[in-house]
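Shown next, in structure tokens, is the structure this report addresses.
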Amino acid sequence: MKIEDLKKLTPSFYTQKNVLAVAKSLLGKLLVTQFNNQLTISRIVETEAYEGITDKASHAYNNRRTTRTEIMFGNGGFSYVYLCYGVHYLFNVVTHTINHPHAVLIRATEPIVGIEAMLERTGKLTLDYSLTKGPGNVAKAMGINKLHSGINLQSNELFIADDGYKIFTNNILATKRIGVDYAGEDALLPYRFIVKDNLYVSGKKSQNIAV
DNA sequence: CCAATGATTGCCT
DNA sequence: GGCAATCATTGGC
């Protein structure tokens, strides 16, 4: 796979008003990073939607606008990366338009290109499903950190592409979001989307992958 | 200024 | 299943 063959998702994809539709559409798309000339690609299999100022689980809830979340208040199509628990970077895609701080968290992917680099970045010796299972692991394997917050997803170093791979609607499951119990009734919203039976989806025990 | 905390993970029992 | 790691950000004083 060559980077010039990959078709980036357009700005109008990201500025859609329905963040749930975007979160679902992102399933099956390719997350591409090329930092320091190292190409890594993985396929998105789990997402979570954060619906702006009315969503108690969102960093932008109640129009809370801070230095960290400022990028969410800008136009869709940019990355929002932040440090969680002082330990893990989580990669989000900003959606909707200016002053509508919606975002989609990428929670799990399936490694496609640059697996050696991913193993090196994560300090793993062998490939198993934990390599890109869970949002912290996705960012680590793809080489995404705080420096990559606010990047335009039309950039060549970080973007999402469509290679024609289709996920059918009946293979998508919606569940409540993970780790947002503090959000009261909003913690129950079915805003997490997963590819049915995909072994990289978070929450299952990892096992070795047959070669 | 400073204490509290989290959109998690992995190791321990 | 329980919990420690670890720190930028946040909000209160």
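Just so it is clear: chains get the letters A, B, ... in the order the sequence lines come, proteins before strands, and each one is counted from 1.
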For the hydrophobic clusters of this structure (ILVMFWY residues joined by side-chain heavy atoms under 4.5 Å, transitively), does one cluster hold both [X] and [Y]?
X        : Y        : answer
A/Leu83  : A/Val180 : no
A/Ile194 : A/Leu199 : yes
A/Leu90  : A/Leu131 : no

Flag, side chain of [X] to backbone of [Y], donor-acceptor distance under 3.5 Å:
X        : Y        : value
A/Thr95  : A/Val19  : no
A/Lys133 : A/Val201 : yes
A/Tyr89  : A/Lys140 : no

**Message:** What residues from residues 40-74 of chain A pass a heavy-atom cutoff of under 4.0 Å to DNA chain C?
**Reply:**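 Within this stretch, A/Arg64, A/Thr66, A/Arg68 sit under 4.0 Å of the strand.
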Item to complete: Name every residue in residues 172-186 of chain A that has at least one heavy atom under 4.0 Å from any atom of DNA chain C, in order of residue number, or write none if there are no such residues.
Response: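 Nucleic-acid contacts, sorted: none.
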**Request:** Would you indicate what A/Asn92 reaches in the nucleic acid, counting non-hydrogen atoms under 4.0 angstrom: base, sugar-phosphate, or nothing?
**Result:**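 Answer is base: heavy atoms of A/Asn92 come under 4.0 Å of a base.
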Ion pair A/Lys56/A/Glu185, N-O distance below 4.0 Å |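 Result for this pair is yes, salt bridge flagged.
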_Is it true that A/Thr40 and A/Thr33 share a donor-acceptor pair across their side chains at a distance under 3.5 Å?_
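Their side chains do contain a donor-acceptor pair, which is all the 3.5 Å distance test asks for.
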* To do: Would you kindly say whether A/Asn156 and A/Lys8 are connected by a side-chain donor-acceptor distance under 3.5 Å?
  =>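 A pair is found: one side chain offers a donor N or O, the other an acceptor, under 3.5 Å apart.
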Q) What residue among A/Arg43, A/Glu110, A/Glu46 forms side chain to side chain donor-acceptor pair (under 3.5 Å) with A/Asn198? A)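 Exactly one candidate clears the test, A/Glu110.
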>> Does A/Asn170 have more than 12 heavy atoms from other residues, nucleotides or ligands lying within 6.0 Å of its CG?
In response: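 Yes, the 6.0 Å shell around CG holds more than 12 heavy atoms from other groups.
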Heavy atoms from other residues, nucleotides or ligands near OH of A/Tyr182 exceed 12 (cutoff 6.0 Å):
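Yes, OH of A/Tyr182 has more than 12 neighbouring heavy atoms, counting only those of other groups under 6.0 Å.
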**Asked** Would a 4.5 Å heavy-atom cut-off, applied to side chains only, mark A/Tyr191 and A/Glu51 as touching?
**Response**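 Side chain of A/Tyr191 against side chain of A/Glu51, heavy atoms only: contact under 4.5 Å found.
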For DNA chain B, the dot-bracket notation using Watson-Crick and G-U wobble pairs below 3.5 Å, [ ] for pseudoknot-type crossings and | for other-strand pairs, is ||||||.|||||.
How long is the straight-line distance from CD1 of A/Ile44 back to CD1 of A/Ile167, given to the nearest 0.5 Å?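 Atom-to-atom, A/Ile167:CD1 and A/Ile44:CD1 are 10.5 Å apart.
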Margin query: Using a 4.0 Å cut-off to any heavy atom of chain A, which nucleotides of DNA chain B are the first and last in contact, reading 5' to 3'?
Written below: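 The contact span of chain A on DNA chain B goes from B/dG6 to B/dG10.
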Could you list the protein-to-nucleotides 2-8 of chain C atom pairs, N/O on both sides, closer than 3.5 Å?
from, atom 1, to, atom 2, distance (Å)
C/dT6, O2, A/Tyr85, O, 2.5

(Q) The criterion is ring pair (Phe, Tyr, Trp, His ring centres under 6.0 Å); which residues satisfy it with A/His148, sequence neighbours excluded? (A)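 For A/His148, the residues satisfying ring pair (Phe, Tyr, Trp, His ring centres under 6.0 Å) (neighbours in sequence not counted) are A/Phe35.
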